[in-house]
Peer 1: 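Questions regarding the structure given below will be posed in turn.
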Protein chains: 2
Amino acid sequence: MPMDMQFDLAQIAPVKTAPDAGCGAQYCDRCEVRDRAICADLEATDRTTLNRIGRRAVLKAGQTVMWEGDSSTLVANVIEGTLKLSTSTADGREQIVGVVYASDFIGRPFGSYTPHSVTALTDARLCLYPRGAFDGFAREHPALEHRLLQRTLDDLDRTRAWMLLLGRKNAREKVATLLLDMRNRVQADAQGTIELPLSRQQIADVLGLTIETVSRQVTELKRKGVIALVGRRGVRICDVEQLESIAEGE
Amino acid sequence: MPMDMQFDLAQIAPVKTAPDAGCGAQYCDRCEVRDRAICADLEATDRTTLNRIGRRAVLKAGQTVMWEGDSSTLVANVIEGTLKLSTSTADGREQIVGVVYASDFIGRPFGSYTPHSVTALTDARLCLYPRGAFDGFAREHPALEHRLLQRTLDDLDRTRAWMLLLGRKNAREKVATLLLDMRNRVQADAQGTIELPLSRQQIADVLGLTIETVSRQVTELKRKGVIALVGRRGVRICDVEQLESIAEGE
DNA sequence: CGTATCGTTGAAGCCAGTCAAAATGGGTGG
DNA sequence: CCACCCATTTTGACTGGCTTCAACGATACG
């Protein structure tokens, strides 16, 4: 599936819309991310109001929901799946500036344009809100704004930490750091294998490297016995301490 | 002055403390950044309350106010001067993750530790608040939290845009982009010369380059007639269009 | 089983880093 | 005002790590 696939609005299926429309309070009550998303500590009545302006949407891997530079019309909670945030230079060089998971918030509230594109890496489900309506609701609900602030502050910390990687780490350290990051973010299976949500090209776009350099560094880590590869996307970290010391530059 | 100079608490002089202590509402009324800082649209009474928990502090260039990894005990408004936010690897490689100017907000509210160091690049003046007290005040004043959210969202956008530079631009594009950024941030004099708040080493630390590479790129831009140098810190941009096209990769 | 996509490997070149030395300029004291 | 000093910046020569270009191998899917 090509990564530049267009996001077909017709494919944003309002899923199982209830009589009172929106996500429907009854759906929120059984929402998978209910107590981790920003709407978590809203009163039941407020949640009902918020639900009324929301719509569920289903995305296939590769679909883009928002484009860099477009006017900001939508924000959303991620219910399921993994998505990338990316920016590009005029001549097509891409940098992934963030990877978001279930319960994360996407889009640019309180701003007129979208600073980066948002693209599904896996099949995904969102709870979409029109930005204007969301902004209005948020301004009237300090508890929601507070959670949004907390989340934004955390994002900023993570993003700034990543700047150190991009600006000052070498290829070996970059790859090791990413694998450790994935270890914290992605659930491992019984054998301790984690399924990377990123292709080699996407790893390169996160780390500011080329796909060939990523491949060589991964192969080198495998040769040393620090990691083991399981198919294309699977990685098992065999020696966490050594990987950590490699990530920090020995 | 060594950049690792310790921040001597004794040097945080409570300036002209008025009878009612704090910054003193009467000082806020003539505060230089009064209508640009986050406290801008507070009611007079709320501002008085906030002032009561604030203290003015004076910094000399090179002094560090907050250290990466320390527990977060202070936040502040920048009243005057320029400061850098930076993180480092264990072996001492540094990355500047942000540069802040008058009216900007620094520190990590609603978090237990400081994710980056904050160091004065020029002499500076701050309006300091104990974090706990500030957090409490902010939670009770949605208008303040909203401004803080807006600011944090803007910071995040800028930071992510910088990731594209760090990960995907070459040395020439990096230097050109920085000069254009400085053009927007720093006031030029009558001849159009801007006084950079950063040394060559600091420019290197912002761009993820070495000082030698920065110097060579600056020299090359001068040779082409795109910029002119005035002393060590002064730069005049002679051909903005060309600099912009260089920043975007021709 | 065939094929398109993705990932790996190899060889060569180049950009930025490293190490070393010279030049500049801002500040100080005579 | 000038000479001197020291930190900063520039310049030069060389190295090396990452990219580029190309071909090959593996894997998932119809």
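Chain A is the first sequence line, chain B the second, and so forth, proteins listed ahead of strands; every chain is numbered from 1. Heavy atoms only: backbone and side chains are in, while hydrogens, waters and symmetry mates are out.
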Peer 1: Would you please test B:Ile106 and B:Leu126 for side chain to side chain contact (heavy atoms under 4.5 Å, CB included) and show each step?
Peer 2: CA-CA 9 Å; B:Ile106 56 177; B:Leu126 306 179; 4.2 Å; yes
Peer 1: Can you tell me how far P of D:dT19 sits from NZ of B:Lys169, to the nearest Å?
Peer 2: 17 Å
Peer 1: Once salt bridge (charged side-chain N to carboxylate O under 4.0 Å, His left out) is applied, do any residues pair with B:Arg216, and if so which ones, sequence neighbours excluded?
Peer 2: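 In terms of salt bridge (charged side-chain N to carboxylate O under 4.0 Å, His left out), with neighbours along the sequence ignored, B:Arg216 is linked to no residue.
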Peer 1: To the nearest Å, how far apart are A:Leu207 CG and D:dC18 C1'?
Peer 2: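 Atom-to-atom, A:Leu207 to D:dC18, this comes out as 13 Å.
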Peer 1: Rounded to whole Å, how long is the line connecting atom CG of A:Asp91 with atom P of D:dT19?
Peer 2: 15 Å
Peer 1: Between A:Ser199 and B:Leu209, name the one whose nearest nucleotide on DNA chain C is closer to the 5' end.
Peer 2: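 Its nearest nucleotide being more 5', the pick is A:Ser199.
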Peer 1: Which pairs with one or both residues in residues 240-250 of chain A pass salt bridge (charged side-chain N to carboxylate O under 4.0 Å, His left out), sequence neighbours excluded?
Peer 2: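 Listed by first then second residue: A:Arg172-A:Glu250.
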Peer 1: In whole Å, I'd like the distance from the CG atom of B:Leu165 to the C1' atom of C:dA16.
Peer 2: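 Value for this atom pair: 15 Å.
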Peer 1: For the side chain of B:Leu229, starting at C-beta, report the closest nucleotide among C:dT8, D:dT9, D:dT10.
Peer 2: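 Closest nucleotide among those given: D:dT10.
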Peer 1: Whole-Å distance between C:dA16 P and B:Lys174 NZ?
Peer 2: 8 Å
Peer 1: As an exercise, state the distance from CD1 of A:Ile203 to NZ of A:Lys174, rounded to the nearest 0.5 Å.
Peer 2: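 Here the rounded value is 13.5 Å.
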Peer 1: Take the protein atom CZ of B:Arg93 and the nucleotide atom C1' of C:dT18, then report the distance between them rounded to whole Å.
Peer 2: 14 Å
Peer 1: Please work out which residues in residues 211-226 of chain A have a non-hydrogen atom less than 4.0 Å from an atom of DNA chain D and list them by number.
Peer 2: A:Glu212, A:Thr213, A:Arg216
Peer 1: Given D:dT20, C:dG7, D:dT9, which nucleotide is nearest the side-chain atoms of A:Thr210?
Peer 2: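 So the nucleotide nearest the side chain must be D:dT20.
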Peer 1: Taking only residues two or more places apart in sequence or in another chain, which ones pass salt bridge (charged side-chain N to carboxylate O under 4.0 Å, His left out) with B:Asp70?
Peer 2: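 With sequence neighbours excluded, B:Asp70 shows a salt bridge (charged side-chain N to carboxylate O under 4.0 Å, His left out) to no residue whatsoever.
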Peer 1: Report the distance from atom CD of A:Gln202 to atom P of C:dT5, rounded to the nearest whole Å.
Peer 2: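 Roughly 16 Å, once rounded to whole Å.
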Peer 1: Applying ring pair (Phe, Tyr, Trp, His ring centres under 6.0 Å), which residue pairs with at least one partner in residues 73-105 of chain B are found, sequence neighbours left out?
Peer 2: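 Non-adjacent pairs meeting ring pair (Phe, Tyr, Trp, His ring centres under 6.0 Å): B:Phe105-B:Phe134.
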Peer 1: Of A:Arg168 and A:Gln201, whose nearest nucleotide on DNA chain C comes first from the 5' end?
Peer 2: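 Between the two, 5'-proximity favours A:Gln201.
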Peer 1: Just the rounded figure in Å: distance from P of D:dA28 to CZ of A:Arg233.
Peer 2: 11 Å
Peer 1: B:Glu195: what forms a salt bridge (charged side-chain N to carboxylate O under 4.0 Å, His left out) with it, not counting sequence neighbours?
Peer 2: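 Salt bridge (charged side-chain N to carboxylate O under 4.0 Å, His left out) list for B:Glu195, sorted by chain: empty.
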Peer 1: Between B:Arg232 and C:dT24, does any side-chain N or O lie under 4.0 Å from OP1 or OP2?
Peer 2: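 No, outside the criterion.
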